[in-house]
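One structure is given here, and the rest of the page talks about it.
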Amino acid sequence: MDFKHKHLLGIQGLTPSEIITVLDTAESFYEISTREVKKVPTLRGKTIINLFFEPSTRTRSSFELAAKRLSADIVNFNQDASSTVKGESLKDTILNLEAMNPDAIIIRHSCSGVPHFATTFCQSHIINAGDGSHEHPTQALLDAFTIRQEKKNFKDLKVTIVGDILHSRVARSNIFLLRKLGVRVVLIGPPPLVPLELKKFGVDIDFNIDRALEGADVIMMLRIQLERQQKNYFPSIREYRNLYSLTEKRFRRAKKSAIIMHPGPINRGVEISADMADSAKSVILKQVENGIAVRMAVLYLLLGGKDREAFD
Amino acid sequence: MKLLIKNGRVIDPSSGKDAKLDLLIEKGKIAEIKAKIATKGAKIIDASRLVVAPGFIDMHAHLREPGQEDKETIETGALAAAKGGFTSVACMPNTDPINDNRGLTEYILSEAKKRAVVNIFPIASITKGQRGEELTDMADLVDAGAVAFSDDGQSVKDSQLMRRALEYSKPLNTLIIEHCEDKNLSSEGVMHEGYYSYLFGLEGIPASSEEIIVARDTILAQEAEANIHIAHLSTKGAVDIVRNAKKKKIKVTTEVAPHHLILTDSYLEGYDTSLKVNPPLRSKEDIQALIQAVKEGIVDVFATDHAPHTPDEKDVEFDKAPCGINGLETAVSLLLDRLVSKNIISLNKFIKMISTTPSLFLGLENKGKICVGADADLTILDLHKEIVVDVNTFKSKSRNNPFQGWKLKGTPAMTIVGGKIVYPFSS
């Protein structure tokens with residue numbers, strides 16, 4: 001099998017064929033979640049820790065269900081990143097969990113690079129569940145899985161990503177993944193949030209929403225955070241909505257068959273109108289559903305079976 | 001005790017000397033310089049394969065004392081300096097409390113006298129508490145022994161106040177050193193803004209945050225007809241501004257730190273916090289511009305910006321780690337290996353930039369030169385010896401140096417301060 005990694009830190013480190021391997025593996029796990037008994041013994045006896053330093057429901061639950069459907073034991077540690085009030089360093093926190101002999105630690109943290117940092121002192125498999133503004137690899141993989149499900153393959157697709165590209169780990173992982181598969185990617189958002197330097201990632205940048213959506217096969221909307229307005233990346237939510245919100249009228253620029261994606265949680269009426277979010281073109285809930293299969297695949301590929309141990 | 005250094009290649013940029021000579025040291029001064037000196041009762045040092053240079057002077061270091069003795073002390077910082085080939089170190093005022101008054105300056109000097117194996121020269125802050133609100137009593141501080149002024153770690157935000165500092169300090173024959181950074185632009189940034197900050201998802205510090213203050217300060221220096229020294233120059237744009245200012249005869253001088261000449265932002269790939277520094281490691285283009293600036297003389301001085309931090313402080317999330325590289329013990333080898341042995345600059349120019357020129361900038365009259373009567377502060381170099389950097393052998397109290405494991409050619413072989421051998425250490 002073509003997937004030789006101990007950790008999943010980001011899409012950056014994966015080859016196109018490894019990405020396809022994850023998607024194919026997810027395909028084979030997809031059906032398990034539709035069974036009456038949603039459980040296989042694949043990872044029985046494995047212990048996984050869900051270590052979330054940032055609030056998350058979707059990703060944390062998705063990993064948890066993925067682990068449980070593979071019969072692994074999973075423990076949740078939800079820790080406010082600021083709960084170093086007790087004075088414990090991040091390294092000590094992780095080392096304490098590591099001392100409980102888990103097989104894998106899934107980490108979400110508001111600082112970029114924390115999963116990489118963890119690999120410098122951990123024996124466990126480290127899975128990045130989102131680090132700062134850096135990467136969110138399982139999100140990009142589940143997005144790719146959803147795109148493939150809808151579009152059959154990645155050939156000649158145009159994907160438009162709208163919003164705060166600068167701070168979005170989802171955008172970054174998706175850009176890396178889609179470019180590795182040769183997909184055309186167009187970015188749009190308020191100029192301070194879409195630096196032109198990003199063109200070096202092999203993407204196009206457009207500041208006209210209609211043009212950016214023209215002929216798109218996939219539209220990915222990103223959540224816009226109020227905090228960005230406070231730092232003057234854009235003047236107001238009202239203006240953001242006027243310029244970048246996905247409305248039915250704008251959607252008509254895209255291909256008839258276009259799909260709408262969003263990593264969630266969505267701000268209805270801000271980056272996306274409620275009717276678009278709920279429309280038949282929206283695959284937002286499919287993304288959530290697919291997340292479980294993709295995360296099962298990731299867990300399996302990293303810690304499943306004897307043949308995997310050669311890579312430990 | 002007398003010291004006789006025999007057969008060394010003596011290089012003194014201040015007088016243009018570059019020849020095989022003997023040096024006799026007596027009572028802490030250079031007593032005689034001749035092709036062959038015969039004397040009795042002197043300890044003899046065979047320097048036949050070595051270079052004898054005027055003692056190196058680091059005009060930008062953080063010795064952390066008082067207040068942050070867990071990171072470094074005057075004593076350990078001085079030992080690190082001696083091992084690194086420096087005979088004199090100017091220490092920045094961002095201690096705790098800030099060195100903004102006579103008492104602190106005198107304290108540092110008296111502690112240095114008791115415990116430091118090299119010469120320590122305090123730099124006082126430009127403003128009280130480095131708060132950027134009121135000037136310190138500069139004349140009093142100069143009288144107490146401060147050799148320069150800086151609010152290092154930040155710029156003097158208020159342009160009017162900076163102008164006053166430049167004007168006021170003129171008759172004091174001292175130097176204003178500016179850390180150039182517009183904090184509104186650098187904001188929450190932790191690395192150089194550009195392709196790699198976007199790639200690694202780290203908040204960027206734009207080059208403009210440095211360049212705006214460099215530009216402002218050269219304008220102010222021109223208006224005040226005063227000297228301004230720019231600390232740790234790091235961007236191509238800043239180099240261009242200084243080049244233009246020097247052309248216009250504005251009295252601006254600059255320094256560069258070794259890491260800014262060697263490491264690029266791309267090195268941050270693994271989020272190694274020992275590479276987190278302010279100004280941040282810049283792009284390849286910036287490094288090329290800095291090296292060109294060194295060659296052209298736009299950069300006047302090499303300085304370490306030695307900034308020790310404890311392992312615990314650095315062993316954290318990248319965003320949360322303090323900025324700084326522990327540089328005293330690697331600077332000379334890095335510059336010899338990367339610049340001198342690669343013939344980017346001559347050995348003579350290197351010595352000028354790390355000894356002669358800093359002594360002039362800090363007004364250290366009897367230092368930075370090899371002539372009869374000068375202080376016997378000497379750095380002896382072995383240009384052929386290869387070393388492997390090992391932070392575990394550091395004399396500094398801290399270990400935050402990103403060059404661990406690097407093989408470098410050329411190293412200080414001996415450091416002499418006031419006629420006394422301070423490195424190699426006597427056991």
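Throughout, protein chains are lettered first and strands after them, A, B, ... in sequence-line order, and every chain is numbered starting at 1. Predicted model only: the values in this text are computed from it and were never measured.
- More than 12 heavy-atom neighbours from other residues, nucleotides or ligands sit within 6.0 angstrom of NZ on B:K183.
- Contact of B:E313 with chain A is not made at all, since no heavy-atom distance falls under 4.5 Å.
- Proximity to chain B (any heavy atom under 4.5 Å) is shown, for A:K200, by both the backbone and the side chain.
- Shown here is B:K236, whose NZ atom has no more than 12 heavy atoms of other residues, nucleotides or ligands within 6.0 Å.
- By the 4.5 Å heavy-atom criterion applied to side chains, B:Y271 and A:S112 are counted as neighbours.
- The environment of A:Q123 atom CD is sparse: at most 12 non-hydrogen atoms of other residues, nucleotides or ligands sit within 6.0 angstrom.
- The most heavy-atom pairs under 4.5 Å with chain A, out of B:D319, B:L268, B:D315, come from B:D315.
- At least one side-chain heavy atom of A:Q12 sits under 4.5 Å from a side-chain heavy atom of B:L199.
- Nearest heavy atoms, B:Y198 versus A:F201: C-CZ, 3.8 Å.
- Across A:C111 and B:K320, no two heavy atoms sit closer than the pair SG-CE, 4.3 Å.
- Listed here is the closest heavy atom pair of B:E203 and A:Y233: OE2-OH, 3.5 Å.
- Other residues, nucleotides and ligands contribute over 12 non-hydrogen atoms within 6.0 Å of the CD atom of B:E296.
- One finds the NE2 atom of A:H134 at 12.0 Å from the CZ atom of B:F318 (value rounded to the nearest 0.5 Å).
- Looking at A:K199, neither its backbone nor its side chain comes within 4.5 Å of chain B, counting heavy atoms on both sides.
- The stretch residues 166-193 of chain A places A:L166, A:H167, A:R172, A:F176 near chain B, each with some heavy atom under 4.5 Å from a heavy atom of that chain.
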